[in-house]
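First the structure, in the form of structure tokens, and then the observations on it.
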Amino acid sequence: MREYPIFHTYIWMKKKRWEKKIKIYRQVFHLLFDWTISVYLALFAVPGLIILRDWIHQSVLLTAFFSSFTIEWVVIFFLGWVALQTVHSFRDPGVYISSSEYQLGLLPYPMRNVWFYAYLEQVIYSILMTVALFSLLTLLTPLDSAVVMLISISFLIGKTSGILVKWRLFQLNLFTKALIVALVYLVLFALRILFYFLDLPVSWLLGGGWLLVMFAGLLLFYQPLYNIDWGKVVSYSDARVWRMWIVQQITKTHVKPARRYQFLQRFFQGERARKPFPYEMSAISFRMWRSYLKDQMEPILQSAGAVYIAGVALNLQGNWGAGIGLAVGIFIFNQMASAVFMSHFSRSFMFAIPWEVAGWAQSFRKWYVFAVVMFLPLVVWGFDHHHFMLMITATFLIMVWMYLDLQLAISGKFNNWLNRSWDNGPIHLARGTGFVSLAVSGIFLWGIYMAVPLLFLLIIRSSWLSKSWFSMGNDNVA
Amino acid sequence: MERCLLVSDVGVSMRDERILKDISFQVNAGQITALIGHNGAGKSTVMKTIMGWQKKSKGKIMIQDKDLDEDYLAYKRLYSYIPEEPMLLSELTVYQHFQLYGKSYRIDENALNQKVDRLVYRFDIEDKMNEYPEALSKGMRQKVQSICALLPDVPLLLIDEPFMGLDVYSVDELLDELKERKKKGTAILITSHQLDKIKDISDEYVMLRDGHVYESGKIDRLAELKRRKS
């Protein structure tokens, strides 16, 4: 039987992976670009870079910045870069052994060789990145060529040695790792202080740092496969290898990344978290919301960003813009919040239990209030043309209104879910009235004062609402 | 015998493909009905449709007097479900799962604890109460999931491949528990590939093939048909 050397097998495997990835990229790019657009983009890239270069060179501010970029800054950049590599080791192994590479190690190929090729791949990647950095700095910036060279060497040494630093630190337990990272910071800080007080040439510090980091890298090269947490390494590497950002954005698929910062999870699963809940739906669901909202953080932050942009950007257009911005922003935020609330009920385990909607809503509202209290004042303070006390009152009333509007938004969505969309007429009316009042409040602040009592009145008086979600599973909710 | 579950002329379509076609059957109180069929026959889809998890394109489903389409929230209180794959939440310990089920089914706290004590003893997981699911084996997770579903005294139990991953001892305990529930008047709809295990406790069967009811009747008849075929 013919035996394939490990190098050929490794390269063959990589080639197949790249072919697959390129095929996926090609399919996705065909969705986005056609040949004409691609040719135009390529043609514009070169003059674009020239224009960028001229702009950087002509900008007084940037020229001043670059001329102040001396060896002192290179040292800070280098030390910061090394420190950053140690922090990355909390979630990044540096050398990526995915399931495929790991399986090579299970075949009659030495794992050490597989690891070495994976390491080499990262070194080559670092060299290419350094070349790219060097080219960009040389071509685009007015930096002195000696400084560019120093930055590039620092980057290369930090990056290549960082691979092994990350690999070794990644395998350690949290406490030891945190201790070592803290120690590294301490040593770097002490070095900096020492050189400052002894008034030694900064170039010595940079040279010494390079030697120290390279020496550490060489030391760590000894027995790289000792005491390795393969499960953790493979899990992170798998996610990294197949995490193709553009493809994920366009195809709306998501490769679940390896768990980051597991100390948070350990904190949330400590002795206290294991204690039984007070026997109340809201107490139980509060914990579950915390976990669910953590998973939904991306869309939440996106819509919070939209609220902020709408609020602040429209505020620049004057009073009328501020009111409309606030109304639109709150509408987006509440639509998002009610969608997150509803999406929770589409989770598979929710179909296995009855829905104590009122209990779930009660705990959800606590998180909502927390988010609003943290965020809204930032937006409302964008209104800079009113009396301070008036603004405090308005902020409070807007919060109350947001809280009530959320209930209406959820009611509407629940009615749709339960095929009772015909109940939504009064909800749309109430929300619409509120939003108009809020928008008008940019010009006449009394608009908001009208909106809140109006909504109170509608909610308390309207039997249609109290019959809908306020009473959903509400007989016995604590 | 009083009717508990009615599935009448139910159809399910996905992307213009008819997954379930005119499914009709009923399960009476105090009766165990086995839902059987090959892989892909539609057993799990029937289960999901009964729970409202899978939207139906036509037909009517009722548990007692509650219609799935008309009063879903009240309807949901009338069944509990043991899924094929445990659906436990990583953020809750085993006991916290029991609390979630207890509160969702409005079980009094003392009654819940009595039931938990009995069932954890029966399924031998007394020492796992403060563990998170990720620390449990698949069999253990399946036991926890089964206990969750057995906590409430609901009129209908829906059970999808309940023996997957369970050891022999736990399968016996689960079968005994189901027999007790049946005696108390609970209607049980159960799917399993292990026909030998469920035929002894079942009263009726509904056989699915390619998304429609191929045949149904008393379980004795199925055994007789199988004997004749062999």
Side-chain angles (χ1 to χ4, degrees), chain A residues 259 262 264-295 344-360 362-363 414-415 417-420 467-469 471-478, chain B residues 47-55 68-83 85-113 116 129-135 145 148-149 151-152 154 158 160:
Chain A
R259 279 183 196 154
Q262 291 196 348
L264 271 182
Q265 192 183 357
R266 279 176 212 173
F267 174 75
F268 285 136
Q269 289 193 347
E271 278 307 309
R272 204 166 150 233
R274 286 172 195 257
K275 283 183 182 164
F277 294 114
Y279 196 53
E280 292 165 5
M281 194 66 218
S282 57
I284 301 167
S285 53
F286 187 78
R287 164 87 59 85
M288 294 166 73
W289 280 123
R290 182 182 72 192
S291 162
Y292 187 64
L293 294 174
K294 191 159 67 77
D295 291 343
H344 169 74
F345 288 87
S346 306
R347 295 169 80 187
S348 52
F349 83 92
M350 286 303 288
F351 286 94
I353 55 172
W355 294 349
E356 289 287 350
V357 181
W360 286 100
Q362 195 175 327
S363 49
F414 239 109
N415 284 338
W417 209 96
L418 297 172
N419 298 322
R420 295 198 309 218
K467 272 183 193 161
S468 57
W469 81 278
S471 60
M472 286 172 188
N474 204 18
D475 307 354
N476 190 23
V477 174
Chain B
M47 286 289 192
K48 285 180 178 174
T49 312
I50 292 170
M51 288 189 288
W53 189 349
Q54 172 65 54
K55 291 266 177 209
L68 167 71
D69 296 321
E70 284 169 16
D71 196 355
Y72 185 59
L73 296 176
Y75 172 96
K76 273 182 81 62
R77 300 195 174 287
L78 301 178
Y79 71 80
S80 68
Y81 170 59
I82 303 178
E85 286 289 328
M87 298 189 297
L88 301 178
L89 300 158
S90 59
E91 62 266 34
L92 300 185
T93 65
V94 169
Y95 183 69
Q96 288 168 348
H97 274 90
F98 299 151
Q99 286 189 303
L100 169 67
Y101 271 73
K103 199 67 202 174
S104 297
Y105 281 99
R106 297 178 182 173
I107 304 171
D108 171 73
E109 191 170 10
N110 291 332
L112 174 77
N113 286 331
V116 167
M129 299 285 264
N130 289 327
E131 297 289 350
Y132 285 98
E134 62 204 22
Q145 184 72 71
C148 285
L151 287 172
V154 282
L158 300 169
D160 199 359

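First the proteins, then the strands, lettered A, B, ... as listed; each starts at 1.
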Inset, instruction - From the options B:Cys148, B:Ser104, B:Pro152, select the one residue that forms a side chain to side chain contact (heavy atoms under 4.5 Å, CB included) with A:Ile353. - result: B:Ser104
Inset, instruction - Mind ranking B:Leu89, B:Thr93, B:Asn130 by heavy-atom pairs under 4.5 Å with chain A and telling me who comes out on top? - result: B:Leu89
Inset, instruction - Find the one option among B:Tyr101, B:Tyr75, B:Tyr79, B:Tyr81 whose heavy-atom pairs under 4.5 Å with chain A are most numerous. - result: B:Tyr101
Legend entry - A:Phe351 six-ring face occupied by B:Lys48 cation (under 6.0 Å, within 45°): no
Inset, instruction - Select one option (side chain, backbone, both, neither) describing which atoms of B:Leu112 are under 4.5 Å from chain A's heavy atoms. - result: side chain
Inset, instruction - Return yes if some donor-acceptor pair links the side-chain N/O of B:Gln99 with the main-chain N/O of A:Ile284 below 3.5 Å, else return no. - result: no
Legend entry - Single hit among B:Ile107, B:Asn110, B:Asp108 for side chain to side chain contact (heavy atoms under 4.5 Å, CB included) with A:Tyr279: B:Ile107
Legend entry - Closest-packed option against chain A by number of heavy-atom pairs under 4.5 Å, given B:Ala74, B:Gly102, B:Ala149, B:Pro83: B:Gly102
Inset, instruction - Report yes if the side chains of B:Leu92 and A:Phe277 come closer than 4.5 Å at any heavy-atom pair, otherwise no. - result: yes
Legend entry - Side chain to side chain, A:Arg287 and B:Gln96, heavy atoms closer than 4.5 Å: yes
Legend entry - Residue pair A:Ala352 / B:Tyr105: nearest heavy atoms and the distance that separates them: O-OH, 3.3 Å
Inset, instruction - State, with a plain yes or no, whether a side-chain heavy atom of B:Lys76 is found less than 4.5 Å away from one of A:Met350. - result: no
Inset, instruction - For residues B:Glu131 and A:Arg274, determine if any side-chain heavy atom of one lies less than 4.5 Å from a side-chain heavy atom of the other. - result: yes
Legend entry - From B:Glu91 atom CD to A:Met288 atom CE, the distance as rounded to the nearest 0.5 Å: 5.5 Å
